[in-house]
Amino acid sequence: MKYGLVVLSAGLTGLLSFTFLAVAIGTDYWYIIDVNKPNHTGANDLSSHSGLWRIIEGANRSSVISSFTANMSSLSETERHLLGLHKVVVIVLPLSLVLLVFGWIFGLVSSLACSPKLLAASASYVLFCSIFTLSGVSIYIKYSNQAMEEFQRIVSPENFVFVHVSFGWSLALAWLSYSLEIATGLLLLLAARIIQIKGHYDSGVAIAML
């Protein structure tokens, strides 16, 4: 396998992982609640979709998720726990995005240097970044499930029959970003291995010519 093709593929997957995660963080389709209540003309106004920063209710209403500015003393223990989970998500995922920028730069420099050690270090760094993305997405899923359990506890079962909840395409993009981060790390490891093998081959040829 050619070294140039591998590093170009790693650069592309790294760029796509950053793009997908940035779009996921900035959009409001992480969690979708559809209300299809019969004989209710304003059912669409009851539906909502939410992101990491705000909730869109109906057609025009939106509210900011104030995890850091909420009055914790007026909240129940469950609500404080949910806000705590949300705080972790909105810290970890943007942090992962910032780390990916440095990972892409580090990977570019190491690929131009054709250094197996630098390439292996870049791969390790990108795989380390993927842990943050995986953690953020996993905690968000846990946060959403616990929030829905609390919602089910409050809402009567007969009303909940008309409610359909699902994760949206923003979350899917975050998962895809995580997969591409893993692919980028593995491609950089492969590039390091190719350079290492080539170095051993060139050394053997040089010795044989002496």
Side-chain angles (χ1 to χ4, degrees), residues 13 15-72 74-98 100 129-183:
T13 54
L15 184 60
L16 286 176
S17 68
F18 172 84
T19 303
F20 288 159
L21 186 58
V23 172
I25 291 173
T27 50
D28 301 314
Y29 287 88
W30 284 72
Y31 201 70
I32 301 172
I33 300 177
D34 288 323
V35 179
N36 298 310
K37 195 170 184 179
N39 302 324
H40 194 285
T41 55
N44 290 332
D45 295 332
L46 300 176
S47 300
S48 67
H49 56 89
S50 59
L52 301 182
W53 317 104
R54 62 176 183 164
I55 300 173
I56 310 297
E57 300 173 302
N60 301 313
R61 293 175 298 171
S62 66
S63 57
V64 177
I65 304 175
S66 54
S67 299
F68 295 95
T69 58
N71 183 8
M72 303 296 284
S74 62
L75 302 177
S76 65
E77 184 65 30
T78 301
E79 290 172 332
R80 287 197 293 268
H81 175 67
L82 289 173
L83 280 180
L85 290 177
H86 186 263
K87 287 179 182 178
V88 174
V89 173
V90 298
I91 290 174
V92 169
L93 287 179
L95 177 60
S96 177
L97 190 65
V98 173
L100 279 176
C129 293
S130 70
I131 296 175
F132 284 85
T133 306
L134 177 62
S135 299
V137 173
S138 300
I139 294 171
Y140 180 84
I141 293 174
K142 180 181 179 181
Y143 156 78
S144 301
N145 289 337
Q146 291 186 4
M148 181 51 59
E149 290 174 3
E150 181 67 11
F151 180 70
Q152 288 177 316
R153 189 182 65 82
I154 298 173
V155 178
S156 58
E158 55 270 18
N159 288 330
F160 194 76
V161 172
F162 308 110
V163 178
H164 174 71
V165 297
S166 62
F167 292 107
W169 55 265
S170 296
L171 179 66
L173 282 180
W175 272 121
L176 186 55
S177 173
Y178 165 72
S179 301
L180 288 171
E181 288 171 38
I182 296 295

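Counting only heavy atoms from C-beta outward, the side chains of I25 and W53 approach each other to under 4.5 Å. Using a 4.5 Å heavy-atom threshold, the side chains of L93 and F132 count as separate. For the pair I33/H49, no side-chain contact is recorded, criterion being any heavy-atom separation below 4.5 Å from C-beta on. Within the 4.5 Å cutoff, the side chain of I56 has no heavy atoms near those of the S50 side chain. I32 has its side chain out of reach of F167: every pair of non-hydrogen atoms, C-beta onward, lies at least 4.5 Å apart.
Residue V89 comes nearest to G136 through the heavy atom pair CG2-O, 3.8 Å, listed as atom of the first residue, atom of the second, then distance. Summarising the geometry of A24 relative to W30, their closest heavy-atom pair is O-NE1, 2.7 Å, with the distance given to 0.1 Å. The heavy-atom pair separating H86 from L52 by the smallest distance is NE2-O, 2.8 Å. In plain terms, the two heavy atoms of L82 and A147 that are nearest each other are CD2-N, 3.7 Å.
For the atom pair OG (S138) and OH (Y178), the distance works out to 8.0 Å, reported to the nearest 0.5 Å. Here the CG-CG distance, from L21 to L16, works out to 12.5 Å after rounding to the nearest 0.5 Å. Interatomic distance, CD1 of I182 versus OG of S130, reported as 3.5 Å (0.5 Å rounding). The line from SG of C129 to CG of L97 is 10.0 Å long, rounded to the nearest 0.5 Å.
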Full working for side-chain contact (heavy atoms from CB on, under 4.5 Å) between Y31 and M148: CA-CA 11 Å; Y31 201 70; M148 181 51 59; 3.3 Å; yes

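Between the side chain of S96 and the backbone N or O of V92 there is no donor-acceptor pair closer than 3.5 Å. Looking only at distances, a side-chain donor or acceptor of S177 sits under 3.5 Å from a matching main-chain atom of S17.
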Could you pull out every donor-acceptor pair under 3.5 Å between side chains of residues 168-176 and any protein atom, sequence neighbours left out?
| unit_1 | atom_1 | unit_2 | atom_2 | d |
| --- | --- | --- | --- | --- |
| S170 | OG | T27 | OG1 | 2.6 |
| S170 | OG | Y29 | N | 3.1 |

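Scanning for salt bridge (Lys or Arg N to Asp or Glu O under 4.0 Å) contacts around E77 gives R80, with sequence neighbours left out.
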